[in-house]
Amino acid sequence: MPFRLDREIPFVEAVFRIIEGNGSEAEAMLLLVETEYRHDVHIVQPPLGATLTQLPDALYQTAIKGSFFSFMADTNLLFSPTAHYDNLTLILPSDYTLNATWRAWVRIWRTGPT
């Protein structure tokens, strides 16, 4: 069964308009950044040598099933765990980062939203 993106989600619609040649990358980025701030989830490129605090296990369920899944639902954004592993980081509420390994992503996928 193919995965279908929901074009009623503003960010998804903005990306499709870019693909179709009648959209603005600036508009799509603005929608993505607004969604990041709404859910306190940020995709960043941390400076070299930056120390990032891993999400503690005790906060895992709250952060993933709360902010992260809400962010994903509002963007339909798909992450490849290793495609940008060396230069992009996912920052969750309280400035925690998530260890984006294949194992971590499978754990997220298996828990699913509630």
Side-chain angles (χ1 to χ4, degrees):
M1 179 165 87
F3 180 79
R4 299 206 189 278
L5 297 170
D6 184 354
R7 287 190 75 158
E8 294 194 23
I9 293 173
F11 175 71
V12 174
E13 179 58 25
V15 170
F16 271 103
R17 284 197 312 271
I18 293 167
I19 293 167
E20 294 162 351
N22 59 4
S24 158
E25 290 178 9
E27 176 193 7
M29 286 306 300
L30 179 62
L31 289 167
L32 179 61
V33 169
E34 287 174 352
T35 306
E36 285 180 327
Y37 280 99
R38 187 168 52 252
H39 296 291
D40 198 17
V41 172
H42 306 282
I43 303 166
V44 299
Q45 183 173 11
L48 277 174
T51 301
L52 301 172
T53 306
Q54 292 292 319
L55 180 68
D57 286 341
L59 300 177
Y60 182 82
Q61 291 295 325
T62 303
I64 298 302
K65 289 193 175 188
S67 299
F68 182 73
F69 276 137
S70 297
F71 171 77
M72 297 297 281
D74 282 358
T75 61
N76 272 198
L77 198 60
L78 302 175
F79 288 97
S80 172
T82 57
H84 300 288
Y85 185 74
D86 291 339
N87 57 8
L88 293 180
T89 300
L90 185 66
I91 304 294
L92 299 167
S94 300
D95 294 329
Y96 289 116
T97 188
L98 179 65
N99 187 11
T101 63
W102 282 108
R103 182 172 289 142
W105 288 108
V106 168
R107 183 176 170 197
I108 290 169
W109 177 78
R110 284 185 178 161
T111 61
T114 55

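- In this structure, the side chain of Asn76 engages the main chain of Asp6 through a donor-acceptor pair within 3.5 Å.
- Proximity of a side-chain donor or acceptor of Ser94 to a complementary backbone N or O of Tyr96 within less than 3.5 Å is not detected.
- The salt bridge (Lys or Arg N to Asp or Glu O under 4.0 Å) pairs that include a residue from residues 22-32 are Arg17-Glu27, where partners are two or more places apart or lie in different chains.
- With Val41 as the fixed residue, the side-chain contact (heavy atoms from CB on, under 4.5 Å) test singles out one of Leu92, Thr75, Asp74, Ile91: Leu92.
- When all heavy atoms are compared, the tightest approach of Ile18 to Ala28 is CD1-CB, 3.8 Å.
- Glu34 meets the salt bridge (Lys or Arg N to Asp or Glu O under 4.0 Å) test with no other residue; sequence neighbours excluded.
- Sequence neighbours left out, not one pair with a member in residues 4-31 passes ring-ring contact (aromatic ring centres under 6.0 Å, His included).
- For Arg38, the side chain to side chain donor-acceptor pair (under 3.5 Å) test picks out Thr35, with sequence neighbours left out.
- Separation of atoms CD (Glu36) and CG (Leu31) is listed at 11.5 Å; rounding is to 0.5 Å.
- Residue Phe71 comes nearest to His39 through the heavy atom pair CA-CD2, 3.6 Å, listed as atom of the first residue, atom of the second, then distance.
- Applying the side chain to side chain donor-acceptor pair (under 3.5 Å) rule to Glu20 yields the partners Arg7; only residues at least two apart in sequence or on another chain are considered.
- Applying the 4.5 Å side-chain rule to ILVMFWY residues, one finds that Leu30 remains a lone member of its cluster.
- Rounding to the nearest 0.5 Å gives a distance of 11.0 Å between OG of Ser67 and CG of Leu59.
- To the nearest 0.5 Å, atoms CG (Leu32) and NE2 (His42) are separated by 10.5 Å.
- Residue pairs satisfying the salt bridge (Lys or Arg N to Asp or Glu O under 4.0 Å) criterion with at least one member in residues 89-98, sequence neighbours excluded, are absent.
- Contact between Ile9 and Ala73 at its shortest, heavy atoms only, is CD1-O, 3.3 Å.
- Cluster annotation: Val15 and Met29 are assigned to the same hydrophobic cluster (Ile/Leu/Val/Met/Phe/Trp/Tyr, side-chain heavy-atom contacts under 4.5 Å, transitive).
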